[in-house]
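Since the structure comes first, as structure tokens, the remarks are kept for the end.
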Amino acid sequence: MKKILLGISLLTLSYTNAFADVDASKLPSKKQTPQGKYLTAKEAYKTVKREGRDVLFIDVRTRAEAEFVGMTNMVDANIPYMVQDIDSWNEKKQKFNMEPNSNFAVVVDDTIKAKNLNKDSKIIVMCRSGSRSAKAANLLDKLGYQNVYTVIDGFEGDKAKSGPNKGHRVVNGWKNSNLPWSYKLAKNKMYFE
């Protein structure tokens, strides 16, 4: 009996520390969350593969990002945290303005219920590079979700700071880690207003 309990304790300890290689103090403030739960894309992949039905994995990028950059079929849903306001232009950034998705909280709630999960269940949020997913995790925390992880390197990864690829998203992330993804989208996982 002692051996079994020791084995369970060691397994629990190793599982608890499975994500210890993310040093929150080294994350930019825009990627930090109140719950302090972070995964790299590789860790998110392993978690979803291992826990499957017991975790909700959502892609919070825009529909256009999913369509033109690709998406992993491992996500349960694409629920954009921000949406484009095609009637408003940002001169400084030379693109359409973005605004918070007013349906985000409702759609997350519906999606978690459809998967027979609840506010204590593990939720993993992923965006392009980890900033919007942190904002989404902050909102979910305020709404009472207790176990929200953000993918710190996102789907496309961080920008290289030097070298021939300086300024390009080639450092890390889902795609750069050669994790499964496709340009083909599953309609049942896409966001519709």
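Positions are given from 1, in the same order as the sequence printed here. The shown structure was predicted, so the numbers you read here are calculated from the model rather than taken from an experiment. Hydrogens, waters and symmetry mates are skipped; everything else that's a heavy atom, side chains included, is used.
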query = Counting only N and O atoms by type, is there a donor-acceptor contact under 3.5 Å from the side chain of N176 to the main-chain atoms of E156?
reply = yes
request  = Would you kindly confirm whether V60 and M126 end up in one hydrophobic cluster when ILVMFWY residues are joined by side chain heavy atoms under 4.5 Å apart?
outcome  = no
query = Stepwise, does the side chain to side chain contact (heavy atoms under 4.5 Å, CB included) test hold for R128 with V69?
reply = CA-CA 10 Å; R128 178 191 64 197; V69 180; over 6 Å; no
query = Does D153 use its side chain to pair, donor to acceptor, with the backbone of A41 at less than 3.5 Å?
reply = yes
ask   = Is the side chain of D158 donor-acceptor paired with the backbone N or O of N172 at a distance under 3.5 Å, no angle test?
value = no
ask   = How far apart are the closest heavy atoms of N165 and A160, and which atoms are they?
value = O-CB, 3.4 Å
inquiry  = As an exercise, state the distance from OG1 of T150 to CD1 of I123, rounded to the nearest 0.5 Å.
reply    = 12.0 Å
query = Side chain of S177, backbone of L179: donor and acceptor closer than 3.5 Å?
reply = no
ask   = To the nearest 0.5 Å, how far apart are NZ in K30 and CG in N138?
value = 14.0 Å
inquiry  = Does any part of the side chain of Y149, heavy atoms only, come nearer than 4.5 Å to the side chain of Y38, both counted from C-beta?
reply    = no
ask   = Can you hop from F192 to V83 via hydrophobic side chains spaced under 4.5 Å?
value = no
remark   = Separation between CG (L56) and CG (N116), nearest 0.5 Å, reads 12.0 Å
ask   = Can you name the nearest heavy-atom pair linking S133 to C127, along with the distance?
value = N-SG, 3.3 Å
task = Would you give the length of the straight line joining atom CD of Q84 to atom CD of E65, rounded to the nearest 0.5 angstrom?
result = 8.5 Å
ask   = Does any non-hydrogen side-chain atom of K37 lie less than 4.5 Å from one of K122?
value = no
inquiry  = side chain to side chain contact (heavy atoms under 4.5 Å, CB included), that's the test. Do K159 and H168 meet it? Break it down for me.
reply    = CA-CA 5 Å; K159 292 179 181 177; H168 296 275; over 6 Å; no
task = Give the minimum heavy-atom separation between N118 and D120, together with the two atoms involved.
result = OD1-N, 2.7 Å
inquiry  = Determine whether a donor-acceptor pair (N or O, by modelled atom type, separation under 3.5 Å) exists between the side chain of N101 and the backbone of P80.
reply    = yes
key: Whether W174 and F57 hold their rings parallel, tilted or perpendicular, with breakpoints at 30° and 60°   = tilted
request  = Could you grab the distance from atom NZ of K31 to atom CD1 of I152, nearest 0.5 Å is fine?
outcome  = 6.5 Å
note = With sequence neighbours left out, the residues meeting salt bridge (Lys or Arg N to Asp or Glu O under 4.0 Å) with D54 are none
request  = Go through K135 and M82 one step at a time and tell me if the side chain to side chain contact (heavy atoms under 4.5 Å, CB included) criterion holds.
outcome  = CA-CA 10 Å; K135 289 178 183 177; M82 302 288 285; 5.9 Å; no
query = Can you get from M190 to F155 by hopping between Ile, Leu, Val, Met, Phe, Trp and Tyr side chains that sit under 4.5 Å apart?
reply = yes
request  = Check for a donor-acceptor pair, side chain of E51 on one end and backbone N or O of V48 on the other, with a separation under 3.5 Å.
outcome  = no
message = Looking at K42, I want to see if its NZ is surrounded by more than 12 non-hydrogen atoms of other residues, nucleotides or ligands under 6.0 Å.
response = no
request  = Check the surroundings of atom NZ in K189: do more than 12 heavy atoms from other residues, nucleotides or ligands lie under 6.0 Å from it?
outcome  = yes
inquiry  = Is it true that, when you exclude K46 itself, more than 12 heavy atoms of the residues, nucleotides or ligands shown sit nearer than 6.0 Å to its NZ?
reply    = no
Joint cluster assignment, I79 & M71, ILVMFWY side-chain distance < 4.5 Å = no
inquiry  = Keeping Y145 on the side-chain end and A137 on the backbone end, is there a donor-acceptor pair under 3.5 Å?
reply    = no
message = With a 3.5 Å distance limit and no angle check, can you tell me whether Q35 reaches the backbone of V148 through a side-chain donor-acceptor pair?
response = yes
request  = Report yes or no: does N90 contribute a side-chain atom to a donor-acceptor pair with the main-chain N or O of K93 at less than 3.5 Å?
outcome  = yes
inquiry  = Given 3.5 Å as the limit, does a donor-acceptor pair link the side chain of K49 with the main chain of M74, or not?
reply    = no
ask   = Does L185 belong to the same Ile/Leu/Val/Met/Phe/Trp/Tyr cluster as I58, with side-chain heavy atoms less than 4.5 Å apart forming each link?
value = no
remark   = CG (N103) and OH (Y191) are apart, to the nearest 0.5 Å, by 4.0 Å
ask   = How far apart are the closest heavy atoms of P180 and T72, and which atoms are they?
value = O-OG1, 2.9 Å
task = Starting from the C-alpha separation in whole Å, work towards a yes-or-no answer on side chain to side chain contact (heavy atoms under 4.5 Å, CB included) for Y81 and L139.
result = CA-CA 10 Å; Y81 176 72; L139 175 60; 4.0 Å; yes
task = Identify the two heavy atoms, one from S88 and one from N97, that lie closest to each other, and give their separation to 0.1 Å.
result = OG-ND2, 2.5 Å
message = I'd like to check T62 versus R132 (side-chain heavy atoms, cut-off strictly below 4.5 Å). Are they in contact?
response = yes
